[in-house]
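So the structure is just underneath, and the comments pick up after that.
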Amino acid sequence: DGREFQVGEAMKARGLTAQHPVVIIPGIVSTGLESWSTSPDYRAFFREKLWGAFNMLSQVTFNKEKWIAAMMLDPLTGLDPPGAKVRAAEGIDAASSFIQGFWIWSKVVENLAVVNYDTNNLYLAPYDWRLSYYNLEVRDGYFSRLKSTIEGLKKRQNKKVVIAAHSMGSTVRHRHLYTYETFKWVESPLHGNGGIDWVENHIESYISIAGTHLAKAMSAFLSGEMKDTVQMNPAGAYVLERFFSRKERQRLFRSWAGSASMWLKGGNAVWGSALHAPDDACNNTHTHGELIAFRSLSPQSNGDTTRNMTAEEAGLWILQHTPTAFQKMLETNYSYGIERDEEQLSRNDLDHRKWTNPLERFQLLPRAPSMKIYCVYGHGKETERSYWYVQGKDSEAADAVDTECTDPHSSECGVLSQHLGPPSLRESWIDSDYTNNSAFPKLLNGVKMGEGDGTVSLVSLGAMCVEGWKRPRWNPAGIKITTVELPHRPTVTMPRGGANTSDHVDILGSTGLNEVILKVATGVGHEVTDNYVSDIQRYAQRIQWD
């Protein structure tokens, strides 16, 4: 009814118009994926959206096994399995809407169009979010193409480019321009070979929207669950389990190497000890530092006793419950610690496994003193932060050991980390029967709720922006970081929350975010200033950065 364009109309009324080309990098699962396989098994899917359209819903319901087989990646190569060929959809429509009626980037595109943006100066960079960042370049040449696109926009428009990245897209940037990941890829002499001044010469500003800088949740890799699945009503939970069981979700999550980029980064230094966590409130009855806890501490079959675990302990424990192929994928593509030694940080710049972790790379941010970074995210919606779990009986070996590994002890799929040992066969799941509304933090269906935007915790959203990137170790050029927290004030009568929502996805339609994007794109980014509505500054100061 016209309200979608109000932010753009207000900017246009001020005489503002397009100044800088804009590149949009979507978040995880928001880019549509389509099948290009002509194999007889998948020919019925040819050029159809397997992810991001109504067709996906019908395939999951009526052709589930074929759909899962097409969407899974090979557990050893991390690429297409035999016969299947799924690729990211192209164009602005690839992430404008998830399914018809459920918008993602379309509100941003509509407002940009009002101030004279179109396909000549606006580019959406879709990607296959299932792949590891390394394989994005190996299979699709993603970062090479993105580098060329940005260079072309700069040349044609004679203006440096503004990048707006959402959620996991904010991590992608690190490597190339995918964001921080992108920046590092472009500069690296072994990869993009753009030189240390490439970002300074091509990028005007970077806008991180609800960026998962330090992680999201790891429960999906352990048990195929998250807050949204365990807090469904009984009828919904039955339907989900009937049509898309926990084991099936487990298999998919573990094959998608790209999602592993959201594993917790920084260990106990960032996420807390068994005694306290940076984002614990003064009246907490249980610390978030115990990322995984159990009501019943029972002996295990190997003689050990189940214990409550910090982030570092939980990371190892989760890996012990995953197939060897997943363990190998994680170790060859990612790293999740924190490094303070500057000599080691410099060496890490040549190790692609470190590029997605802002805490293990020296000069994470490029030497681009004129570039500006804006961290924009929501606050005020309960967000999963830590968990209570239950352990069951030992499962059958076929459920725990990857069936693709015919010899789990071979070099092809063996465990790389000696401290992991063989995969554990004991099943675990979120203690969904455990709810305690009088506890603090609130405990709902086995999930301890914390602060955030409903999907990503506050520490992950804001700590690097307000504290980590203020250190020369990670920001040698002194790039100006502006943090804009948007309070979650949804209109209860509107399904997506209206103009003042700051939900993790719905923020893309909010007035506050669209104002930031349009101001930066039209050349008045200096009008965007810090705005805090949470205690993130205090929480970030509690992190053991040094």
Side-chain angles (χ1 to χ4, degrees), residues 214-220 222-223 225-233 264-300 304-318 378-392 428-463 466-467 485 487-488 504 532-544:
L214 294 176
K216 186 185 176 298
M218 299 196 296
S219 57
L222 174 62
S223 54
E225 303 169 289
M226 55 194 73
K227 171 180 70 74
D228 300 318
T229 62
V230 298
Q231 292 181 2
M232 298 179 74
N233 62 53
L264 293 182
K265 301 174 181 70
N268 296 356
V270 172
W271 300 100
S273 67
L275 300 177
H276 59 82
D279 52 338
D280 279 346
C282 58
N283 56 343
N284 267 28
T285 56
H286 194 277
T287 178
H288 282 308
E290 289 189 333
L291 185 70
I292 291 180
F294 299 87
R295 280 194 288 174
S296 176
L297 302 179
S298 57
Q300 298 185 28
D304 294 335
T305 300
T306 303
R307 67 190 187 283
N308 296 345
M309 290 173 278
T310 63
E312 292 177 3
E313 294 167 332
L316 289 175
W317 184 71
I318 291 172
H379 177 268
K381 190 172 184 181
E382 290 183 339
T383 304
E384 57 188 306
R385 171 63 172 84
S386 46
Y387 308 89
W388 289 88
Y389 258 80
V390 171
Q391 281 203 310
S428 305
W429 59 89
I430 294 176
D431 192 353
S432 58
D433 293 331
Y434 191 16
T435 294
N436 187 348
N437 286 305
S438 63
F440 198 84
K442 186 187 295 185
L443 175 62
L444 298 175
N445 302 103
V447 179
K448 285 184 286 182
M449 309 305 294
E451 299 176 61
D453 65 3
T455 299
V456 179
S457 73
L458 179 60
V459 170
S460 183
L461 291 166
V466 305
E467 192 68 30
E485 291 188 334
H488 183 54
H504 183 70
Y532 296 103
V533 297
S534 76
D535 286 329
I536 185 58
Q537 292 168 292
R538 182 162 58 91
Y539 295 161
Q541 289 173 354
R542 295 175 179 174
I543 291 175
Q544 299 172 27

Is any side-chain heavy atom of Y434 less than 4.5 Å from a side-chain heavy atom of V390?
-> no
pair L264-L291: side-chain heavy atoms closer than 4.5 Å = yes
Would you mind reporting whether Y389 and D431 have side-chain heavy atoms less than 4.5 Å apart?
-> no
W388 versus L443: any side-chain heavy-atom pair under 4.5 Å?
-> yes
Do D453 and T455 have side-chain N/O donor and acceptor atoms under 3.5 Å apart?
-> no
Output yes when a side-chain donor or acceptor of E312 lies under 3.5 Å from a complementary backbone atom of G267, and no otherwise.
-> no
Can you check whether R538's main-chain N or O pairs, donor with acceptor, with Q541's side chain at less than 3.5 Å?
-> no
Any side-chain heavy atom of Y539 within less than 4.5 Å of one from S534?
-> no
Quick one: CG on L458 to CG on D279, what's the gap to the nearest 0.5 Å?
-> 7.0 Å
Look up atom CD1 in I292 and atom CE in M309, then write down how far apart they are to the nearest 0.5 Å.
-> 5.0 Å
How many angstroms lie between OG1 in T383 and CE in M449, if you round to the nearest 0.5 Å?
-> 6.0 Å
Would a 4.5 Å heavy-atom cut-off, applied to side chains only, mark P441 and R385 as touching?
-> no
Compare all side-chain heavy atoms of F440 with those of C282 and state whether any distance is below 4.5 angstrom.
-> no
Say you draw a straight line from CG of N268 to CD1 of I543; how long is it, rounded to the nearest 0.5 Å?
-> 12.5 Å
